[in-house]
Amino acid sequence: MKTISESRAFGGVQGVYSHASEACDGEMTFGLFLPEEAEQGLVPVLWFLGGLTCTHENAMVKAGAQRWAAEAGIALVFPDTSPRGPGVADHEDYDLGQGAGFYVDATEAPWRSHFGMWSYLAQELPQVLFDAFPIAEAAQAISGHSMGGHGALTLAMSLPGRFRSVSAFAPICHPTGSGWGRKQFAAYLGADEEAWAAHDASLLMKKRGFDGPLLIDQGTSDKFLELLQPEALALAMVERRQAGSFRMQKGYDHSYFFVSTFMEEHIAFHAAALMA
């Protein structure tokens, strides 16, 4: 593993690191904030997954999470959203290819050679972190924005017992019925729509739900509402009688101004679960 940078922040350290990934067959980069408590022992961790076009850097720089994580004594992990570099397949459209991994393991050419994002996040990167840093494997939570909210919800519901809590900012809620999902799933996973269902938060909510605290924030002025389809997930939560909070925030859009506004509340929400 390579250290790209380390900066002091709120008493802790905000680092950026890269490592060779088998799941993505190439070099992957991630950000990691360790609070001051990590100097003394293991600390809980909150994963934050980025959205379309993002790298590890977007949320790391714009979300304002480090201040609140430092106060709570929680580590933050900011993975990249896809493999990158020469030889990695890409597309002229912003919502397919590099920067748009959709947190699935691609089975179709030309994507399957590198786009193993599900395995990367579910298996490989956690082991890298637990081996190299003072992070408590037994105290994990997960969050994300947009495509990252989709990833956070699907990982949380598909890996029971892994995460103590899950939250999302403006998640892609029903990708099998949206232009942000059908296009990408067809490219990455092929034409069999039954294979897509494992990566749809609304369908997973109906089938499994989440056994823990759940929080979702969605802006009412988000220009991508038709693509995000929050009503599908809200309905699935009601049908399942899923405990949790789904908040429609008046006047907020899809930007990191929205995310940073409610980040303190999300950190406090996860801290309560992680410290229980």
Side-chain angles (χ1 to χ4, degrees), residues 1-2 4 16-32 47-63 76-129 142-156 158-159 168-172 175-176 178-190 195-196 198-201 224 227-228 254 256 259:
M1 186 165 55
K2 302 174 184 176
I4 296 174
V16 178
Y17 310 92
S18 68
H19 69 106
S21 166
E22 292 185 10
C24 296
D25 192 22
E27 197 81 358
M28 294 293 288
T29 301
F30 65 92
L32 173 65
W47 296 75
F48 193 93
L49 307 187
L52 285 167
T53 74
C54 291
T55 69
H56 69 281
E57 191 174 35
N58 294 70
M60 186 182 81
V61 172
K62 296 179 180 180
L76 299 168
V77 181
F78 303 98
D80 204 345
T81 58
S82 79
R84 299 178 190 274
V88 177
D90 203 3
H91 197 276
E92 61 183 7
D93 294 342
Y94 76 95
D95 57 359
L96 188 65
Q98 295 187 37
F102 262 77
Y103 304 106
V104 303
D105 282 349
T107 59
E108 304 299 304
W111 314 105
R112 61 173 174 255
S113 298
H114 296 279
F115 282 70
M117 290 302 296
W118 181 272
S119 293
Y120 178 66
L121 288 173
Q123 301 168 16
E124 187 176 32
L125 184 55
Q127 198 58 56
V128 169
L129 292 173
I142 192 166
S143 184
H145 172 229
S146 193
M147 180 184 72
H150 139 78
L153 290 166
T154 55
L155 282 160
S158 299
L159 301 171
F169 298 85
I172 299 174
T176 63
S178 165
W180 275 355
R182 294 191 62 81
K183 169 184 175 179
Q184 292 81 5
F185 288 175
Y188 296 146
L189 303 176
W196 303 0
H199 299 283
D200 186 304
F224 300 116
L227 291 166
L228 301 171
H254 200 71
Y256 268 96
V259 174

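This structure is a prediction, so every number in the text was calculated from the model and none was measured. Along the sequence shown, residues are numbered consecutively beginning with 1.
- Looking only at distances, a side-chain donor or acceptor of Ser178 sits under 3.5 Å from a matching main-chain atom of Leu227.
- Taking NE2 of His19 as the reference point, atom CG of Leu125 lies at 5.0 Å (rounded to 0.5 Å).
- Residues passing the side chain to side chain donor-acceptor pair (under 3.5 Å) test with Asp200, sequence neighbours excluded: His174, Thr176.
- Counting heavy atoms from C-beta outward, Phe102 and Met117 have side chains that stay 4.5 Å or more apart.
- Distance alone, capped at 3.5 Å, places no donor-acceptor pair between the Trp111 side chain and the Asp105 backbone.
- Considering only residues two or more places apart in sequence or on other chains, Phe48 meets the ring pair (Phe, Tyr, Trp, His ring centres under 6.0 Å) condition with none of them.
- Every residue two or more places apart in sequence or in another chain that forms a side chain to side chain contact (heavy atoms under 4.5 Å, CB included) with Ser158 is listed here: Trp118, Leu204, Arg208.
- Atom CG of residue Asp80 and atom CG of residue Leu49 lie 11.0 Å apart, to the nearest 0.5 angstrom.
- For the atom pair OH of Tyr103 and NE2 of His199, the computed distance is 13.5 Å after rounding to the nearest 0.5 Å.
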Expected list for residues 23-32: side-chain donor-acceptor pairs under 3.5 angstrom, two or more places apart:
from, atom 1, to, atom 2, distance (Å)
Glu27, OE2, Ser18, OG, 3.0

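- Annotation: the span from Trp47 atom CH2 to Leu121 atom CG amounts to 6.0 Å, rounded to 0.5 Å.
- Partners of Gln127 according to the side chain to side chain donor-acceptor pair (under 3.5 Å) rule, which considers only residues two or more places apart in sequence or in another chain, are Asp131.
- Separation of the Tyr188 and His91 ring centroids does not fall under the 6.0 Å cut-off.
- Contact between Val259 and His145 at its shortest, heavy atoms only, is CG2-CD2, 3.7 Å.
- Take Glu124 and apply the side chain to side chain donor-acceptor pair (under 3.5 Å) test, not counting sequence neighbours, and it matches Ser21.
- From Phe185, atom CZ reaches atom CD of Glu108 across 13.5 Å, with rounding to the nearest 0.5 Å.
- Residues passing the salt bridge (charged side-chain N to carboxylate O under 4.0 Å, His left out) test with Arg182, sequence neighbours excluded: Glu193.
- Residue Ala122 comes nearest to Leu159 through the heavy atom pair CB-CD1, 4.0 Å, listed as atom of the first residue, atom of the second, then distance.
- Considering every non-hydrogen atom in both Lys183 and Asp95, the closest pair reads NZ-OD1, 2.6 Å.
- Taking 4.5 Å as the limit, every side-chain heavy atom of Val128 sits out of range of all side-chain heavy atoms of Tyr17.
- Every residue two or more places apart in sequence or in another chain was checked for a ring pair (Phe, Tyr, Trp, His ring centres under 6.0 Å) with His56, and none qualifies.
- Using modelled atom types, one side-chain atom of Gln184 and one backbone atom of Gly181 make a donor-acceptor pair closer than 3.5 Å.
- Residues passing the ring pair (Phe, Tyr, Trp, His ring centres under 6.0 Å) test with Trp180, sequence neighbours excluded: Phe224.
- Applying the side chain to side chain contact (heavy atoms under 4.5 Å, CB included) criterion to Asn58, with sequence neighbours excluded, gives Cys54, Thr55, Lys62, Tyr256.
- Taking both residues in full, the closest heavy atoms of Ala201 and Pro175 are given as N-CD, 4.4 Å, listed atom of the first, atom of the second, then distance.
- A pairwise comparison of heavy atoms in Gly99 and Ser82 identifies N-OG, 2.7 Å as the closest pair.
- With sequence neighbours excluded, no residue forms a ring pair (Phe, Tyr, Trp, His ring centres under 6.0 Å) with Phe78.
- Taken from OG in Ser143 to CG in Leu153, the straight-line distance is 8.5 Å, to the nearest 0.5 Å.
- Annotation for Ala168 and Gly149: closest pair CB-CA, 3.9 Å, computed over non-hydrogen atoms.
- Taking the side chain to side chain donor-acceptor pair (under 3.5 Å) definition, one finds that His254 meets it with Ser146, Asp222, sequence neighbours left out.
- Counting heavy-atom neighbours within 6.0 Å of Glu22 CD, excluding the residue itself, gives a total of 12 or less.
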